[in-house]
Amino acid sequence: GPLGDVIDVQSGVFEIPLPLHRRLEIVLPVVALMLTALGLAIHAAWRRYEYTRALEHAKRRAEEGARARTAFLALMSHEIRTPLNGILGTVSLLKKNGGTVQDQQHLVQLMEDSSHMLLRMLNDVLDWAKLEAGALDMRREPVNLRTLVRDGLGLFEAQAQAKGLRLTQTHDEPLPVALLGDGLRLR
């Protein structure tokens, strides 16, 4: 055999041992090959593990992104209806009664404000794409809070008038006139 000469004497097997250095010359290359194969197998298993973890992470991020997009689109579809209803309500009021020139100018102003609001909403959709791409710049500018609230109420004014309601706004006196922020995105 590989570790010595074998002599078969009628019913038994006898092995004549080889010197240790001859045995090591035979066994060590085999052990080295086995260790190399084991190392390669461990390396391949580790790479598969890392690849699987990376895929799972990417899948979670994609699912989170899809949920965020769905929620955003649901919100945007609701938010876009508000200025559209403002425009349609104002047009309806203009058609029903001509009113005074001042009333007509006010209603036209409401339509313009609602149109600008709608445009801002659509710009928000574009901002979302920029945000996902990491290219969204936020502004830091004075924002007049009273004007912001007044403009927001103006969007609903035509609908309120059509239902015989009057919208008003009140605020605490310590309310600052302006804050720093991104006025476009606050609207």
Side-chain angles (χ1 to χ4, degrees), residues 47 49-187:
R47 295 291 306 259
Y49 171 75
E50 287 178 329
Y51 181 72
T52 301
R53 283 188 57 206
L55 284 177
E56 288 170 354
H57 179 71
K59 180 183 175 192
R60 276 193 307 276
R61 289 192 66 210
E63 288 169 349
E64 289 169 5
R67 281 192 298 273
R69 275 188 291 282
T70 299
F72 176 76
L73 289 175
L75 175 68
M76 287 308 297
S77 66
H78 173 74
E79 292 295 323
I80 288 172
R81 286 185 188 119
T82 301
L84 278 177
N85 284 332
I87 294 168
L88 293 172
T90 305
V91 168
S92 176
L93 286 174
L94 282 171
K95 286 170 74 176
K96 278 185 185 175
N97 61 14
T100 66
V101 172
Q102 185 180 6
D103 289 341
Q104 289 177 355
Q105 287 176 342
H106 178 71
L107 291 174
V108 168
Q109 183 62 49
L110 286 175
M111 275 191 344
E112 183 180 7
D113 292 345
S114 293
S115 298
H116 285 294
M117 180 68 162
L118 182 58
L119 180 59
R120 283 192 297 268
M121 296 285 177
L122 295 175
N123 285 335
D124 285 348
V125 172
L126 297 175
D127 284 349
W128 181 265
K130 288 180 185 177
L131 181 65
E132 282 190 332
L136 181 64
D137 294 323
M138 299 296 283
R139 294 184 178 133
R140 188 172 165 90
E141 60 193 9
V143 177
N144 186 315
L145 295 177
R146 292 179 182 127
T147 302
L148 186 68
V149 171
R150 187 188 68 233
D151 291 350
L153 286 175
L155 294 174
F156 298 99
E157 192 171 339
Q159 290 173 297
Q161 283 180 350
K163 295 179 181 181
L165 302 173
R166 189 172 141 249
L167 295 177
T168 61
Q169 75 181 46
T170 60
H171 55 83
D172 293 335
E173 284 307 315
L175 181 73
V177 174
L179 294 175
L180 289 179
D182 194 329
L184 177 66
R185 287 175 182 81
L186 283 172
R187 286 182 187 91

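Position 1 is the first residue of the sequence, and the numbers go up from there.
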Val108: partners by side chain to side chain contact (heavy atoms under 4.5 Å, CB included), with sequence neighbours left out: Leu94
Distance (rounded to the nearest 0.5 Å) between Lys59 NZ and Glu56 CD: 8.0 Å
Side chain to side chain contact (heavy atoms under 4.5 Å, CB included) partners for Arg67, two or more places apart: Glu63, Glu64
Step-by-step side chain to side chain contact (heavy atoms under 4.5 Å, CB included) determination, Arg150 to Thr147: CA-CA 5 Å; Arg150 187 188 68 233; Thr147 302; 3.5 Å; yes
Qualifying residues under side chain to side chain contact (heavy atoms under 4.5 Å, CB included), relative to Leu122, sequence neighbours excluded: Ile80
CD on Gln161 to OG1 on Thr90, rounded to 0.5 Å: 8.0 Å
N/O donor-acceptor pair under 3.5 Å between Ser92 side chain and Leu88 backbone: no
Qualifying residues under ring-ring contact (aromatic ring centres under 6.0 Å, His included), relative to Tyr49, sequence neighbours excluded: Trp46
Interatomic spacing from CZ in Arg60 to CG in Leu55 - rounded to 0.5 Å: 11.0 Å
Least distance between heavy atoms, Leu167 atom then Ala160 atom: CG-CB, 3.9 Å
Under the salt bridge (Lys or Arg N to Asp or Glu O under 4.0 Å) test, residues paired with Arg69 that sit two or more places apart: Glu132
Taking distance alone, no hydrogens or angles, what donor-acceptor pairs closer than 3.5 Å link side-chain atoms of residues 109-119 to residues at least two apart or in another chain?
{"unit_1": "Gln109", "atom_1": "NE2", "unit_2": "Asp113", "atom_2": "OD1", "d": "2.8"}
{"unit_1": "Glu112", "atom_1": "OE2", "unit_2": "His116", "atom_2": "NE2", "d": "3.4"}
{"unit_1": "Ser114", "atom_1": "OG", "unit_2": "Leu110", "atom_2": "O", "d": "3.1"}
{"unit_1": "Ser115", "atom_1": "OG", "unit_2": "Met111", "atom_2": "O", "d": "2.9"}

CG-CD distance between Leu180 and Glu141, expressed to the nearest 0.5 angstrom: 9.0 Å
